[in-house]
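Here's the structure we're looking at; comments come further down.
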Amino acid sequence: MMVAMTASRREETGEEISPTVRSEAAFRAAREVMPGGVSSPVRAFGAVGGIPRFIAKGAGAILTDLDGNSYTDYVGSWGPLILGHADERVVAAINKAAAKGCSFGAPTEAEVRLAELVIARVPGIEMVRFVNSGTEAAMSAVRLARGFTGRDAIVKFEGCYHGHVDPLLVKAGSGLLTFGTPSSPGVPGTATADTLVVPYNNLSAAKELFAEHGKRIAAVLVEPIAGNMGCVPPAEGFLAGLRSLCDQHGSLLVFDEVMTGFRVAAGGAQQLYGVQPDLTCLGKVLGGGLPMAAYGGRREIMEQVSPLGPVYQAGTLSGNPLATAAGIATLEALAEPDVYETLETRSARLAEGLSQAARSAGVPVYQTRVGSMLCVFFAEGPVTDYASAVRSDTKAYARFFHAMLEHGIYLAPSQYECMFVSLAHTDDLIESTIQAADEAFDEVARG
Ligand SMILES: *Cc1c(COP(=O)(O)O)cnc(C)c1O
């Protein structure tokens, strides 16, 4: 697609222009005024090299950059856009809400409606508090778990990302993994002193930890499907095992479903795997592309949140009317028949096509997928945790990434992120993506 558009513009203008000339200029200006030229690190293309495409607009599954190049988008704003870009229903809901005022700092009926939709779908949620980002949701869930249990220690897993919350910014995957930093300067040792880290999918390590520290552990925080070191599904029995460990030791089980919530099933990973957490973090899909997240769980625990209880948490823009409207429109659209079946069928076809393309080219990859989140690891063996994820050949991924971009396919500019399929990815787009991958893997194989 991109190649065709560039060629036609060359014919029109008769001059040789780089297909990224406007993005390059914008990136130069951006770097003068924003660290790395971006508002969030991985966007800067540091892990793959080259010029980040500055986006002019999105429609359905298609992104268009400043230079007029179009791409089939598998980033989907890093997860929220399960309906695709500028979905008519979501845009209409936002416009309607905006016309009535952007923020009140007072309760609205729409928040109640969204809360009811969330509670009806997510098995572990009886009450919910809206916040503005996944980071805030995880931060607040940790505070609540500590407040409720009167304990300080929290358990997290290597390679799981819960936003840039100080106590959780230890071996945290995503951007940190992309840039090879185990943790961040500026996080004092005191902030992470009560954070205990265990390898993902390693139940026996978690058991050993509980045997020693069980009485101190307020909560186990886990991505029920790890999505920030690429897509790493939970091993059989892993989540259920964590559930019983928490029950035995009076600790809370917190599922960070910021990525998986409303993505892998209507009720998220907890519904898919039949394991109910005490608290759940939501975000991404919940806001339909606007800043919106939430934490919720058992009534008894949520009743500890201010003003009902003593655990303080607040937000000027929390429950923002525009974000709430986008969230309601998104969840309502996801209630239509066969939505998750459609995502499953298309995502399965994509995963199978990508694997086949890699095999034909003789490029060793390990393909993972749960519903519409998937990852192609440039690795030989199975990827089950952080240690096996970091064995990936990130240079090969970078070559694949650029080859796909040349063919008009926009993937995450890092090996350690998921691909997301949306309802706007038609069967035709999936097939053209597989065709592009056929050529891209050949190019990777040629070196
Ligand atoms: C994206 C993500 C977060 C952070 O959400 P932000 O809105 O970026 O702060 C937290 N947890 C998980 C599992 C995520 O995927």
Side-chain angles (χ1 to χ4, degrees), residues 38-43 74-82 122 124 129-143 145 154-178 184 195 200 219-234 239 253-264 268-270 272-273 277 279-296 313 315 317-320 323 326-327 330 368 370-375 386 389 412 414 416-420:
V38 290
S39 298
S40 193
V42 185
R43 296 179 195 175
Y74 289 96
V75 178
S77 188
W78 307 88
L81 300 182
I82 198 165
V122 185
R129 166 62 60 86
F130 294 116
V131 293
N132 304 290
S133 71
T135 296
E136 253 188 275
M139 177 186 80
S140 309
V142 166
R143 183 182 303 142
I154 47 176
V155 178
K156 84 170 284 288
F157 295 89
E158 256 178 48
C160 282
Y161 178 64
H162 305 290
H164 58 95
V165 182
D166 277 1
L168 300 174
L169 213 49
V170 189
K171 299 207 170 166
S174 196
L176 293 171
L177 187 49
T178 302
S184 172
T195 307
Y200 194 72
V220 172
L221 218 77
V222 66
E223 285 183 78
I225 301 158
N228 288 286
M229 49 175 161
C231 174
V232 181
L239 298 174
L253 181 61
V254 184
F255 276 5
D256 182 348
E257 296 227 43
V258 169
M259 186 182 289
T260 54
F262 313 109
R263 163 65 61 183
V264 295
Q270 55 196 270
L272 195 64
Y273 296 110
L279 289 174
T280 301
C281 302
L282 297 169
K284 296 194 168 118
V285 172
L286 176 66
L290 266 67
M292 159 68 73
Y295 62 105
Q313 188 273 308
L317 294 176
S318 292
N320 173 266
T330 300
T368 58
V370 181
S372 55
M373 53 192 271
L374 51 146
C375 185
Y386 180 87
S414 162
Y416 302 113
E417 306 287 349
C418 290
M419 283 176 81
F420 296 103

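Indexing begins at 1, ligand by ligand and atom by atom, following the structure's order.
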> What do we get for N228 next to ligand 1 when only non-hydrogen atoms under 4.0 Å count, side chain, backbone, both or neither?
Replying inline: side chain
For the side chain of [X] and the backbone of [Y], is there at least one donor-acceptor N/O pair under 3.5 Å apart?
X	Y	answer
T195	P167	yes
R129	Q313	yes
T368	C231	yes
Y200	G159	no
R263	M373	no
K156	V170	yes

Which atoms of ligand 1 have any heavy atom of [X] under 4.0 Å away?
X	result
G163	3 (C), 4 (C), 10 (C)
G134	4 (C), 5 (O), 6 (P), 7 (O), 9 (O)
D256	10 (C), 11 (N), 12 (C), 13 (C)
S133	7 (O), 9 (O)

> How close does the nearest protein non-hydrogen atom get to atom 9 (O) of ligand 1, and which residue and atom is it?
Replying inline: T135 OG1, 2.6 Å
> Does atom 7 (O) of ligand 1 have any protein heavy atom closer than 4.0 Å?
Replying inline: yes
> Taking atom 2 (C) of ligand 1 as the point of reference, which of K284, E223, E417, M259 owns the nearest heavy atom?
Replying inline: K284
